[in-house]
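Let me begin by presenting the structure, written as structure tokens, before commenting on it.
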Amino acid sequence: MLKLAVLVSGGGTNLQAIIDSIEKGTITNARIAVVISNNKNAYALERARKHQIEGLCISPKDHEDREAFHQALLKALEERDIDLIVLAGYLVVIPEQMIRKYRNRIINIHPSLIPSFCGTGYYGLKVHEAALARGVKVTGATVHFVDEGTDTGPIILQKPVLVEQGDTPEVLQRRVMEQAEWKLLPKAIDLIANGKVTVENGRVHIAE
Ligand code: GRF
């Protein structure tokens with residue numbers, strides 16, 4: 001049974017998709033051991049509470065310095081013997097020490113087809129604003145392993161989403177969430193939980 005820690009900062013719709021998938025049985029061999037947010041007001045924590053999942057707020061603001069915050073985050077993960085860390089709209093930079101300790105055991109959902117519209121400064125609505133400004137006809141979402149870069153780790157799954165005439169960033173964000181993010185993240189977790197995902201030379205292989 002894969003023990004998940006889901007790290008969140010906001011509304012938690014991707015967390016909800018994971019919760020629902022586990023409850024429906026479309027994710028097997030995994031359970032959410034803890035939801036951790038840097039934002040005590042994140043609705044994602046309320047979603048966890050409603051499903052009797054432990055929710056923690058571990059915020060840089062509550063620690064004397066960044067290193068103390070990092071240690072608190074790592075301690076919370078170690079105490080729960082976490083196997084896979086899922087970044088679901090988590091807006092805090094992951095410390096290198098954590099990336100090394102959890103090599104290819106941290107995944108992130110990004111709301112574009114990496115390598116487009118990603119990297120520093122591309123998060124949330126900004127990603128969709130950039131896609132609309134560039135005039136792309138197809139965008140989508142990507143689930144990838146987290147490495148020392150920003151949105152640069154090995155790509156696990158991607159799903160295209162059509163951009164429609166007259167789309168606003170908000171309308172496009174919602175379509176990408178509904179059609180791609182909320183499907184890809186649970187799918188990636190289920191594949192990993194069932195031993196179907198390997199990484200070789202920085203590229204992901206998924207067993208049939
Ligand atoms: C989503 O747009 C996701 O692509 C990005 O952050 C947002 C999180 O939304 N990583 P939610 O908190 O899961 O609703």
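Counting starts at 1 for both ligands and their atoms, following the listed order. Numbers here simply count residues along the sequence, with the first being 1.
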Query raised in the report: Are the side chain of Ser112 and the backbone of Val127 linked by a donor-acceptor contact shorter than 3.5 Å?
Result: no
Query raised in the report: Between Asn108 and ligand 1, does any nitrogen or oxygen pair lie at a separation below 3.5 Å?
Result: no
Query raised in the report: If we only count N/O pairs under 3.5 Å, is Gly124 in contact with ligand 1?
Result: no
Query raised in the report: Judged by modelled atom types alone, do Asn38 and Ser9 share a side-chain donor-acceptor pair under 3.5 Å?
Result: yes
Report summary line: Closest heavy-atom approach to atom 10 (N) of ligand 1 among Val176, Thr142, Val8, Ile109 is made by Ile109
Query - Flag for Thr28-Asn194: side-chain donor and acceptor within less than 3.5 Å - result: yes
Report task. Note the single closest protein heavy atom to atom 7 (C) of ligand 1, along with its residue, its atom name and the distance in Å. Result -> Gly89 CA, 4.1 Å
Report task. Please confirm whether the backbone N or O of Met177 pairs with a side-chain atom of Gln179, one donor and one acceptor, at under 3.5 Å? Result -> no
Query raised in the report: Between Val6, Leu91, Thr13, which one has a non-hydrogen atom sitting closest to atom 14 (O) of ligand 1?
Result: Thr13
Query raised in the report: Which protein non-hydrogen atom lies closest to atom 12 (O) of ligand 1, naming both residue and atom, and how far is it?
Result: Gly12 N, 2.8 Å
**Report entry** Cationic N near anionic O, under 4.0 Å, Glu46 to Arg49
**Finding:** yes
Query raised in the report: Is it the case that Glu23 and His51 place a side-chain donor and acceptor less than 3.5 Å from each other?
Result: yes
Report summary line: Per-atom filter on ligand 1: closer than 4.0 angstrom to a heavy atom of Pro111 are 4 (O)
Query - Met177: numbered ligand 1 atoms lying under 4.0 Å from its heavy atoms - result: 1 (C), 2 (O), 9 (O), 14 (O)
Requested in this report: Could you tell me the residue and atom name of the protein heavy atom closest to atom 4 (O) of ligand 1, and the distance to it rounded to 0.1 Å?
Outcome: Glu181 OE1, 2.7 Å
Query - Ionic contact status for Lys101 with Glu78, cut-off 4.0 Å - result: yes
